[in-house]
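Have a look at the structure below, then the notes.
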Amino acid sequence: MHISLILASVKKNSEVLLPSLTFAATANAVCYAGAVPHFVDSEEETFGICPQKLDSYLSHIFDIQNEVCINKKTGRQISAIIPVHIFGHSCKIEDILEVSRKYKIEVVEDAAESLGSFYKGKHTGTFGKLGAISFNGNKIITTGGGGMIITDDKQLAHQAKHLTTTAKVPHKWEYVHDQVGYNYRMPNLNAAFGCAQLQRLPEFLQSKRELYERYCEQLSGLNGIRLIKEPSGCSSNYWLQTIVLDEPDEELRNIILTALNEAGLMSRPAWTGLHKLEHFKESPKMDMKVVSTLEKRIINIPSSSFLCE
Ligand SMILES: Cc1ncc(COP(=O)(O)O)c(C=O)c1O
């Protein structure tokens with residue numbers, strides 16, 4: 001994500017729009033690029049950025065000056081937006097792209113959780129200028145750590161490779177580096193683990209889907225909760241299985257979480273909205289009506305590809 005933001009021309013001191021309801025790594029990458037996270041609210045179906053709310057917000061807060069989008073309050077440029085495909089469900093990416101075009105904002109997708117998830121037949125992470133997928137230990141396939149940048153722009157792909165491998169200019173013996181680069185390369189051993197698992201991806205996706213169906217059967221008929229299913233027109237990888245309380249009720253959520261965890265069924269709430277974290281308290285944000293209720297409603301239940309049996 002860090003390199004993708006640099007390659008999308010995110011400048012120091014510009015602002016990057018991203019959901020508050022995401023893992024901290026999304027916002028951290030914005031900070032690594034020297035930019036300021038600007039948090040936006042989510043919508044209920046996919047848990048991703050709400051395109052309508054974003055559009056209306058931008059129309060009030062921002063101004064287009066010389067083809068760039070400026071935050072009228074802070075005077076800073078809005079250089080990018082990061083849609084995140086939460087828990088492996090595609091967000092409303094086409095509508096978000098439309099808003100981004102209207103306000104001339106570059107899109108970089110955080111597809112960390114959505115390998116194998118499609119929006120209307122197109123893989124998540126391939127809609128923006130660049131996208132990033134995670135191969136962390138808890139993901140659909142893992143290389144132990146690390147991830148992958150996706151782009152259909154050969155030039156950007158070349159630059160990504162260059163920047164992630166210390167920006168060394170190819171030469172038989174000389175050490176010439178043409179800019180400050182990074183050691184973000186994936187070691188070959190880790191890549192080999194990834195390649196072997198990639199072959200089994202269809203199998204992993206199938207068992208995640210079967211697990212979803214099993215949960216559906218078992219939880220049907222229970223009042224007050226629903227199991228999250230893939231958005232219409234999309235195919236989800238069901239990375240995390242999620243139940244949502246009909247009403248925000250933190251006490252009930254915690255009773256369920258305690259009972260599940262005490263029974264040895266590791267379950268977790270959604271992330272704390274990033275806008276509430278101490279180090280992001282000063283960051284710009286819109287109102288967080290949906291995120292503040294979702295936090296009290298979401299429970300992620302055991303989701304491993306190997307659970308179904
Ligand atoms: C939405 C999201 N973005 C970014 C990351 C970071 O990926 P990594 O752990 O590979 O750095 C994760 C998960 O780990 C994630 O869930």
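Every number for a ligand or one of its atoms is a count from 1 in the order of the listing.
- For ligand 1, the 4.0 Å heavy-atom shell contains residues Thr22, Phe23, Ala25, Thr26, Val84, Asp110, Ala112, Glu113, Ser134, Asn136, Lys139, Gly146.
- Within a 6.0 Å sphere centred on NZ of Lys122, other residues, nucleotides and ligands contribute more than 12 heavy atoms.
- His85 and Ser114 share no side-chain donor-acceptor pair at under 3.5 Å.
- Within the 4.5 Å cutoff, the side chain of Leu211 has heavy atoms near those of the Gln241 side chain.
- Closest heavy-atom contact between Asp249 and Leu245: O-CD1, 3.8 Å.
- Note: Phe280 and Phe39 meet the aromatic proximity criterion, with ring centroids under 6.0 Å apart.
- With sequence neighbours left out, the side chain to side chain contact (heavy atoms under 4.5 Å, CB included) criterion links Ala25 to Phe23.
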